[in-house]
Each structure stands twice: as C-alpha cells, then as structure tokens.
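Single-structure report; data block below.
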Amino acid sequence: MKLANTAALVTGAGQGIGQAIALQLAAEGADIALNVRADDERARAVRDEIVALGRRCTIYPADVSRVAGTRAMVQQAGADFPQLCILVNNAGVERHAPLLEVSEDDYDLVLDVNLKGPFFLIQHFARWLRAAGRPGRIVNISSVHEELPFPNFAPYCASKGGLKMLMRDAAVELAPFGITVNNVAPGAIRTPINDALLANEAQLKALTAQIPLGRLGTPPDVAKLVAFLASEDARYITGTTSVVDGGLLWNYTEQ
Ligand code: BGC
C-alpha cells in the first residue's frame, strides 16, 4: 500500500471530491483526519466507510476560513495522528453572479473558503511538520479555472488563480523542509457543487460537447491523482498543477 504508516488531513471531506479523496487515501493505507463543516450523519457515514477499510478516522468539524479554528484542528489532528504528513486542501465553494452584481458577502465567502483557508492551513501544517522535524505533502484542489476564465464566477476564478500562486510560492519556501506542494485542477466533475448544472439537460449537453473525452469526470478520477501526489512516488514533484478534466481546458474547435 502506497500510503502505509501515514495520516492525511482532508478538508471538506463530507461529500464530492473530498469524500472520494478521503476514501482513496484510506484505501492506500492512510489514516484520515476528516474535516467537515458539521459533524453530521453524512460525515459519520464517510468515517464508517474509512473504518471499514481498516483505517483510523476522526472527524474534525471546522470552518476552514477561520484561522483560530484551523490552527486548533491541525494541533489536535497532529496529537491524534502523530504520523500526520499529508494535507489536502479540498474545501471550496462557488457563487453564480455576473461581475457587475457580485456582493461583498459572496466575494468574502468565496475568497475566505477557497484561498484564505488553504493559506493558513498550509502555514499551520508546515509549522507542525517543522516542529516534528518531518517531511510532508500538501495537495490543493484547485480548478481548471486557475487558468481559464469562467464568466459569472469572477470571485471563484480570483480564488483559484490565487491558489495557483500560493501553491508555487509555498513549494519554493517549504522545499527546504522536505514539504512538497502541488495543485490538482479538476474540470467538470459530477459533485454537489454542480447540482444546478446536472439538473439542466441542455446545459449539461453543451458542457459535455466541450469535453474531448466525452463525459464529465467522477470524484475517483480526481482522487487517484491526489493519492499519487501524496505518495513517495511523487517525491520529486513540487510547484506544479496537474489537470484532471478530460481535455476540457485546452479544447478549441472551429466548426
Ligand atoms: C467548477 C464547476 C465547473 C467546472 C468546469 C469547476 O471548477 O466548480 O462548477 O462546471 O469547473 O467549468
């Protein structure tokens, strides 16, 4: 098993891509510190699945945008799982609004969860690893929209573009500590963030037509790449973004 004797803190792990990542890392041998907004039935169901795989799993409810809460979460997860060496910044939100209509509240929510959260989690986690004298792996779940404009989602694009540069800077600053930092950039994946799109047949058809591989992605499509980046096999990879999008990002066709 690629991740035996490790533990991973995964944010936003109650559903969608985060849930698939937690399960994949557990299947590869990692114990899981499962971050969710609320310790509810859904979170406990994920924990039970992880335990059924033979791993340890503890739920840490915390809003990733609140710095004091995430600092306490990293300390607690480190105390509970001394072999903690993997952080997956997965939690993310998006809000639909034309640039001219974006409210301050929506802007703050999206930037706080998608960029401020990973920023301070990286800081807390790297400080913890440095104090423990151990190397580690950080993987941020970004988006094709760290590169590609997404009309009506300007704060989301700003957050993911910011996450790209945060990752590059952190990769350089944390390399001396043996910590690698990489982004995974999913395209259109079947998750709750896309509920409205998935319910709209015409929109779904138009989007699928733009994906060279001819389908939306699934959470495990993303999770398998994260497991690789979190493993020893990826030891010489840092400061990069890997795109998982069925070819969506660089597709251009003329009729
Ligand atoms: C967004 C989805 C969108 C996809 C492809 C993702 O980052 O969260 O809403 O469908 O990118 O555009």
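Indexing begins at 1, ligand by ligand and atom by atom, following the structure's order. For the single chain, residues carry numbers from 1 onward in sequence order.
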- Message: Between the side chains of Arg215 and Asp221, is the shortest nitrogen-to-carboxylate-oxygen separation below 4.0 Å, so that they form an ion pair?
- Response: yes
- Which value, rounded to the nearest 0.5 Å, describes the distance between Leu9 atom CG and Asn89 atom CG? 8.0 Å
- Would a 4.5 Å heavy-atom cut-off, applied to side chains only, mark Ile122 and Asn140 as touching? yes
- Query: When you measure from atom 4 (C) of ligand 1 to every protein heavy atom, which one gives the shortest distance, and what is it?
  - Reply: Gly187 O, 3.5 Å
- Task: Test side chain to side chain contact (heavy atoms under 4.5 Å, CB included) on Gln83 and Asn5 and set out the steps.
- Result: CA-CA 7 Å; Gln83 79 280 33; Asn5 303 315; 5.6 Å; no
- Would you call Lys160 and Glu147 a salt bridge, using N to O less than 4.0 angstrom? no
- Contact atoms of ligand 1, heavy-atom distance to Asn194 under 4.0 Å: 2 (C), 3 (C), 9 (O), 10 (O)
- Under 4.0 Å, heavy atoms only, figure out whether ligand 1 is touched by the backbone of Asp245, its side chain, both or neither. neither
- Query: Quick one: which ligand 1 atoms are inside 4.0 Å of a heavy atom on His145?
  - Reply: 4 (C), 5 (C), 6 (C), 7 (O), 11 (O), 12 (O)
- Message: For Phe153, which part has a heavy atom under 4.0 Å from ligand 1: side chain, backbone, both, or neither?
- Response: neither
- Query: So which bit of Lys160 gets within less than 4.0 Å of ligand 1, heavy atoms only: side chain, backbone, both or neither?
  - Reply: neither
- Task: Could you find the nearest protein heavy atom to atom 8 (O) of ligand 1 and give me its residue, atom name and distance?
- Result: Glu94 OE1, 2.6 Å
- Message: Quick check on contacts: which atoms of ligand 1 are under 4.0 angstrom from a heavy atom of Ser143?
- Response: 6 (C), 7 (O), 11 (O)
- Kindly say whether the aromatic ring centers of His96 and Phe153 come within a distance under 6.0 Å. yes
